[in-house]
2 protein chains.
Amino acid sequence: MSAAENQALKKVLHEHELKATSQRIALLKLLDGTSEHFDAEEIYLELRQRQKNVSRATVYRSLETLVDQNLVTKLDFGDGRMRYERSQGEDEHHDHLICERCGKVIEFFNLEMEAQQLFVCEEHDFVPSNHTMHIFGTCSDCHTLKANPEAETPSQ
Amino acid sequence: MSAAENQALKKVLHEHELKATSQRIALLKLLDGTSEHFDAEEIYLELRQRQKNVSRATVYRSLETLVDQNLVTKLDFGDGRMRYERSQGEDEHHDHLICERCGKVIEFFNLEMEAQQLFVCEEHDFVPSNHTMHIFGTCSDCHTLKANPEAETPSQ
DNA sequence: ACGAAAATAAGACTGATTCTCATTTACACA
DNA sequence: TGTGTAAATGAGAATCAGTCTTATTTTCGT
């Protein structure tokens, strides 16, 4: 209920020429308060949980609006629903390791890789706007536990 | 209608312990004959066009079966539908530059980038199985034409 | 050629997301 | 501090890619 936080978020929204609706503020507050990657439905349910009245449609629309303004980043982990996180600064971009067994997502940043990407773009006279790099596999925890009689990758 | 090609594809399917149905053969033939990245609906329509009788369900199921057998590769360009291409050899993996204006997809391979990926995985004690790297932006053609105000290329 | 197992066709179903439109809200300005 | 208006929202219908169900057909070993 921090009024100060509300005020700050209101300002952020106004700076992006967006109306500071209670729904948008609640949404940003939620994403600010976690490092998890929620999908739209989880965000919707959590906001209802918090007694915010908001509809699914608004969650989707607001997320899109915020993504357009680079206040939120949309992530595609390839499992049929999009995840969202509060955008870090442009310089704080990161990529993802995604465990196919437990679904854990590990963030990483590798400068050399970013450099190579720019190199590739130049080679092809391509002007990049953004990119996604997802490495799928098995995380530390999961392959340690692999002594279990579980079979191969379920592959979705 | 090359009977030889049919025979070859039949053999490929049998080698993977799959029944050589006319639908699967037609599907592989289609993907073999193009370098484009079709989505399931396009494949379905194209097969109908070619007088192959095949249902949408079969297109989806067969694609999944072929992907499981590594005969076909499934690509996620983040626009809500999957694309498919005939698998290259394991060593012929490539990543993608995706033009946000015209939808063109340029394939590339960068050894240094692949090496960095392995390095990142080791750092996190993560065992990779595969990865996707998509760089979105504007291709050469499109940003050259960008001075041209009437060249809108929708191409969903 | 025969039959069991596998594959298919058609369309119902699902789950995520988008759209529609009547109603409500934010906020610039009087 | 009210008010008009454009923007945003709520509720649910619609859409869209993809999956599932079931009766029917096909493949392929024998």
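The sequence lines fix the lettering, A, B, ..., with proteins before strands; numbering per chain opens at 1.
- Remark: B:Thr21 engages no residue in a side-chain hydrogen bond (donor to acceptor under 3.5 Å, both in side chains) (not counting sequence neighbours).
- Using modelled atom types, no side-chain atom of A:Glu107 and backbone atom of A:Val105 make a donor-acceptor pair closer than 3.5 Å.
- B:Asn110 has its side chain out of reach of B:Met133: every pair of non-hydrogen atoms, C-beta onward, lies at least 4.5 Å apart.
- A:Thr65 comes within 4.0 angstrom of nothing in the nucleic acid, heavy atoms only.
- B:Glu85 meets the side-chain hydrogen bond (donor to acceptor under 3.5 Å, both in side chains) test with B:His37, B:His94; sequence neighbours excluded.
- When the side-chain hydrogen bond (donor to acceptor under 3.5 Å, both in side chains) test is applied to B:Asp76, no partner is found at least two apart in sequence or on another chain.
- First and last contacting nucleotides of DNA chain C toward chain B (any atom under 4.0 angstrom from a heavy atom, 5' to 3' order): C:dA5 to C:dG11.
- Every side-chain hydrogen bond (donor to acceptor under 3.5 Å, both in side chains) that A:Glu112 has, sequence neighbours left out, goes to A:Gln116.
- Scored by the ring pair (Phe, Tyr, Trp, His ring centres under 6.0 Å) test, B:His131 finds B:His93 as partners (sequence neighbours excluded).
- With the nearest nucleotide of DNA chain D identified for both B:Ala57 and A:Val59, A:Val59 has the one nearer the 5' end.
- In terms of the ring pair (Phe, Tyr, Trp, His ring centres under 6.0 Å) criterion, A:Tyr60 has no residue partners (sequence neighbours excluded).
- Ring pair B:His124/A:Phe108 is tilted by interplanar angle, where 30° to 60° counts as tilted.
- When hydrophobic side chains of Ile, Leu, Val, Met, Phe, Trp and Tyr are connected at separations under 4.5 Å, B:Val127 ends up as a singleton with no cluster partners.
- Once you apply a 4.0 Å limit to the heavy atoms of chain A, the touched nucleotides of DNA chain D run 5' to 3' over D:dA6 to D:dG12.
- Every side chain to side chain contact (heavy atoms under 4.5 Å, CB included) that B:Asn53 has, sequence neighbours left out, goes to B:Gln23.
- Put simply, the side chain of A:Arg48 does not reach to within 4.5 Å of the side chain of A:Lys52, judged on heavy atoms.
- Taken over five-pair windows at either terminus, the axes of the helix from C:dA1-D:dT30 to C:dA30-D:dT1 are inclined to one another by 30° (rounded to 10 degrees).
- Residue A:Asn53 is in sugar-phosphate contact alone, with no base atom involved, counting any heavy-atom pair closer than 4.0 Å across all strands shown.
- The number of heavy atoms from other shown groups lying within 6.0 Å of CD (B:Glu36) does not exceed 12.
- Taking every heavy atom of residues 12-24 of chain A and every atom of DNA chain D, pairs under 4.0 Å involve A:Lys19, A:Thr21, A:Gln23, A:Arg24, by number.
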